[in-house]
Amino acid sequence: MKKLPRSFYLQPTLVVAKKLLGKYFVRKIGDEILTGKIVEVEAYLGENDPASHAYRGKTKRNEVMFMNGGHLYVYFTYGMHFCANIVTEDAGKGRAVLIRAVEPLTGIELMKKNRKRIFTEHSLINLTNGPAKFCQAFGIEREQNGTDLLGDEICLTDGVDIPPSKIVATTRIGIKNGKEKKWRFYIKGNPLVSKK
DNA sequence: CGACCGATTGACT
DNA sequence: GTCAATCGGTCGG
C-alpha cells in the first residue's frame with residue numbers, strides 16, 4: 001500500500017475531503033499496526049467557515065491547522081473527547097478535514113482494548129463510527145497533535161477507489177454556524193457511517 | 001475573573 | 001426520546 005504524498009494534501013480542501021473516502025488510515029503503536037478505511041469526513045474551511053476553529057484566526061490551540069497540508073490536528077472537546085483532522089492546502093490557510101468514521105481493518109483487538117466499552121459480539125459497528133470513538137480506538141490524543149502524516153507513526157495510504165456515485169454530500173453534524181453547507185461526505189450504504 | 005458552551009458519547013427514562 | 005460527564009477556549013463585565 002503506497003503512502004499518500006504531500007501533494008495529495010495540498011489540493012483544495014473539498015477535493016481532499018472527497019478523495020479521503022476509501023483511503024486507509026494507518027497508525028503504528030509499538031509492533032502493532034492499526035488500519036482503518038475512511039468512510040466519513042467533514043471539511044472545515046478556515047477563515048471562511050464560521051464552524052471552523054480557525055474562523056477567528058490562528059491561536060495556540062489551532063496553530064496546527066495553519067501548518068501546511070499533511071499534518072494531524074487533534075483537539076480536545078466536551079471535557080473528555082479528542083477528534084482528529086487532516087490539515088489541507090498550503091500553510092497559513094487554516095483548513096482541515098475531520099475524520100468522522102473509519103472501517104476497522106487490522107489491529108482490531110488493540111482497538112477494542114483502547115475503547116472502554118466491551119465488545120462481545122461479532123458487530124464492530126460501535127468501535128469506530130464517530131470522531132471521538134475513532135480517536136479512542138486508534139490511541140490518538142493530545143500528544144499526536146501536529147504529527148506529520150508523511151512520517152512513520154501515522155500515515156495515510158492508497159485504499160480502494162470510491163466512484164462519485166457512491167459519495168453522498170450532506171450537512172455537517174453537531175455545529176450551529178454554517179450548518180447549511182453540505183461539507184460532510186460519506187460512502188453510500190456503508191454501515192460504519194455515524195448516524196444522527 | 002466568571003459564565004457559558006462545544007466538530008460527542010453513553011447511560012438512562 | 002433526554003441528559004450528565006467534564007474542561008479548556010472564548011467572550012463579557
Side-chain angles (χ1 to χ4, degrees), chain A residues 9 12-14 16-18 20-21 25 36 38-67 69 71-89 93-104 111-121 123-147 149 154 156 167-187 190-196:
Chain A
Y9 303 102
T13 303
L14 292 175
V16 176
K18 279 181 260 197
L20 279 174
L21 297 176
F25 187 100
I38 298 172
V39 301
E40 180 184 2
V41 298
E42 283 178 9
Y44 286 86
L45 299 210
E47 71 278 2
N48 300 315
D49 179 6
S52 171
H53 290 165
Y55 184 52
R56 290 177 179 79
K58 185 169 163 180
T59 66
K60 183 148 194 184
R61 178 200 197 192
N62 66 23
E63 61 184 354
V64 171
M65 286 185 89
F66 288 85
M67 303 207 286
H71 289 84
L72 197 70
Y73 168 52
V74 180
Y75 69 88
F76 184 61
T77 190
Y78 291 105
M80 66 185 81
H81 294 303
F82 294 96
C83 297
N85 298 248
I86 310 293
V87 177
T88 58
E89 304 192 37
K93 291 283 173 69
R95 302 187 175 191
V97 178
L98 171 72
I99 309 290
R100 287 197 58 88
V102 306
E103 182 179 316
M111 290 187 202
K112 289 182 179 175
K113 212 172 119 191
N114 287 340
R115 298 267 290 133
K116 286 160 191 164
R117 185 167 170 173
I118 296 153
F119 288 84
T120 48
E121 356 67 37
S123 170
L124 297 174
I125 293 290
N126 283 307
L127 199 52
T128 54
N129 67 337
K133 296 179 190 177
F134 156 70
C135 281
Q136 217 179 86
F138 278 70
I140 294 170
E141 303 185 2
R142 217 180 303 275
E143 193 182 315
Q144 274 62 239
N145 189 34
T147 302
L149 298 177
I154 300 172
L156 272 67
I167 298 178
V168 181
T170 182
T171 54
R172 292 173 292 178
I173 289 176
I175 56 169
K176 283 182 176 165
N177 303 314
K179 58 167 174 272
E180 74 284 356
K181 303 291 187 188
K182 295 192 171 178
W183 289 343
R184 173 177 176 237
F185 305 98
Y186 63 87
I187 299 176
N190 189 293
L192 279 112
V193 171
S194 70
K195 30 194 160 272
K196 266 275 154 77

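Chain A is the first sequence line, chain B the second, and so forth, proteins listed ahead of strands; every chain is numbered from 1.
- One atom, CG of A/Asn177, and another, P of B/dC5, lie 13 Å apart when rounded to the nearest Å.
- For A/Glu180, the CD atom is densely surrounded, since the number of other residues' heavy atoms within 6.0 Å is greater than 12.
- Checking the phosphate oxygens (OP1, OP2) of B/dT9, no side-chain nitrogen or oxygen of A/Arg115 falls inside 4.0 Å.
- Paired with A/Lys182 under the rule side-chain contact (heavy atoms from CB on, under 4.5 Å), one option of A/Thr170, A/Thr171, A/Val168 passes, and it is A/Thr171.
- A/Ile173 has its side chain within reach of A/Arg100: a pair of non-hydrogen atoms, C-beta onward, lies under 4.5 Å apart.
- Ionic pairing of A/Glu42 and A/Arg172 is not present here: no N-O contact between side-chain nitrogen and carboxylate oxygen is shorter than 4.0 angstrom.
- Contact annotation: the side chain of A/Arg61 approaches that of A/Tyr73 to within less than 4.5 Å [non-hydrogen atoms, C-beta and beyond].
- Applying the 5.5 angstrom centroid cut-off and the 30 degree plane-angle cut-off, the aromatic ring of A/Tyr44 is stacked upon the base of B/dA7.
- A/Leu98 comes within contact range of at least one nucleobase, with a heavy-atom separation under 4.0 Å.
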Protein and nucleotides 2-8 of chain C: nitrogen or oxygen contacts under 3.5 angstrom:
from  : atom 1 : to      : atom 2 : distance (Å)
C/dT6 : O2     : A/Tyr78 : O      : 2.5

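- In this structure, A/Phe82 places its CZ atom 14 Å from C1' of B/dT9, rounding to the nearest Å.
- Atom pair A/Arg172:CZ and B/dT8:P shows a separation of 11 Å (rounding to whole Å applied).
- Checking B/dG6, B/dT9, C/dC11 against every side-chain atom of A/Lys176, the shortest atom distance belongs to B/dG6.
- B/dA7 atom P lies 15 Å from atom CG of A/Leu45, rounded to whole Å.
- Between A/Asn177 and A/Tyr55, every side-chain heavy-atom pair lies at or beyond the 4.5 Å cut-off.
- Residue A/Asn129 contributes atom CG, which lies 12 Å from atom C1' of B/dT8 at whole-angstrom precision.
- By the 4.5 Å heavy-atom criterion applied to side chains, A/Cys135 and A/His81 are not counted as neighbours.
- Going from the C1' atom of B/dA7 to that of C/dG1 covers 23 Å, rounded to whole Å.
- The shortest distance between the side-chain N/O atoms of A/His53 and the OP1/OP2 oxygens of C/dG9 is not below 4.0 Å.
- In this structure, A/Glu40 contributes its side chain and A/Ser194 its backbone to a donor-acceptor pair below 3.5 Å.
- Between A/Phe82 and A/Phe76, the angle of the ring planes lies from 30° to 60°, which puts this pair in the tilted group.
- The CZ atom of A/Arg56 sits 12 Å away from the P atom of B/dG6 (whole-angstrom rounding).
- Across all strands, A/Ala132 comes closer than 4.0 Å only to sugar-phosphate atoms, never to a base (heavy-atom distances).
- One atom, CD1 of A/Ile140, and another, C1' of B/dA7, lie 15 Å apart when rounded to the nearest Å.
- Taking 4.0 angstrom as the limit, A/Arg100 places a side-chain polar atom (N or O) nearer than this to OP1 or OP2 of B/dT8.
- As rounded to whole Å, 13 Å separates atom C1' of B/dA11 from atom NZ of A/Lys133.
- Base pairing in DNA chain C yields stems of at least 3 consecutive Watson-Crick or G-U pairs, both distances under 3.5 Å, namely B:1-6 with C:7-12, B:8-12 with C:1-5.
- In this structure, A/Leu98 and A/Pro131 approach most closely via the heavy-atom pair CD1-CB, 4.2 Å.
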